[in-house]
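Taking it in order: structure first as structure tokens, then the write-up.
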Amino acid sequence: VTGLSIIHWEILENNPYSTFVITDILGKNVKILNVSGKSEVSIDRNDFKEGLYFGRLVDANYKNQSIKIIIP
């Protein structure tokens, strides 16, 4: 992420995602966003220090989809 990035996902009708959690490399929650009914989230580089983060979409059954987020 070098500016503003938008992360898109498909909305699951039978079990939609409810939360997008960003954690640092040590697993500490840095940001938690409510994404119920949404299919995207924006990440602003200015909200984070340089480093490696992980973004995790969580559904109502606590199933996860994860991505790496690198802030240069």
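One is the number of the first residue; the rest follow in order along the sequence. Heavy atoms only: backbone and side chains are in, while hydrogens, waters and symmetry mates are out.
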Could you check Val58 against Lys63 for side-chain contact (heavy atoms from CB on, under 4.5 Å), going step by step and ending with a plain yes or no? CA-CA 6 Å; Val58 182; Lys63 292 182 182 175; over 6 Å; no

Taking the side chain as C-beta and beyond, is there a heavy-atom pair between [X] and [Y] under 4.5 Å?
X: Val35; Y: Leu57; result: yes
X: Ile43; Y: Phe48; result: yes
X: Tyr53; Y: Ile71; result: yes
X: Phe54; Y: Ile25; result: yes
X: Leu52; Y: Lys68; result: yes
X: Ser18; Y: Asp59; result: no

Applying salt bridge (charged side-chain N to carboxylate O under 4.0 Å, His left out), can you list everything that pairs with Lys31, at least two apart in sequence or on another chain? Asp47

Would you name the heavy atoms of [X] and [Y] that are closest together and state the gap between them?
X: Ile11; Y: Gly37; value: CD1-O, 3.9 Å
X: Ser42; Y: Leu4; value: CB-CD1, 3.9 Å
X: Arg56; Y: Ser66; value: CG-OG, 3.8 Å
X: Asn29; Y: Thr23; value: OD1-CG2, 3.2 Å

Do the rings of Tyr17 and Trp9 sit parallel, tilted or perpendicular, given the 30° and 60° boundaries? perpendicular

Contacts of Ser36 that satisfy side chain to side chain donor-acceptor pair (under 3.5 Å) - sequence neighbours left out: Asn34

Please check if the number of heavy atoms outside Gln65 that lie under 6.0 Å from its CD is greater than 12. no

Measure from the side-chain N and O atoms of Arg45 to the backbone N and O of Ser5, and report whether any donor-acceptor pair falls under 3.5 Å. no

Could you tell me whether a side-chain N or O of Asp44 sits under 3.5 Å from a main-chain N or O of Asn46, the two making a donor and an acceptor? yes

The reported gap from CD1 in Ile32 to CD1 in Ile22 (rounded to nearest 0.5 angstrom) is 10.0 Å

Which distance, rounded to the nearest 0.5 Å, do you find between the CD of Glu10 and the OG of Ser39? 10.0 Å

Is it true that Ile67 and Val30 fall in one hydrophobic cluster, defined by side-chain heavy atoms closer than 4.5 Å? yes

Linked, directly or transitively: Ile69 and Leu33 (ILVMFWY side chains, under 4.5 Å): yes

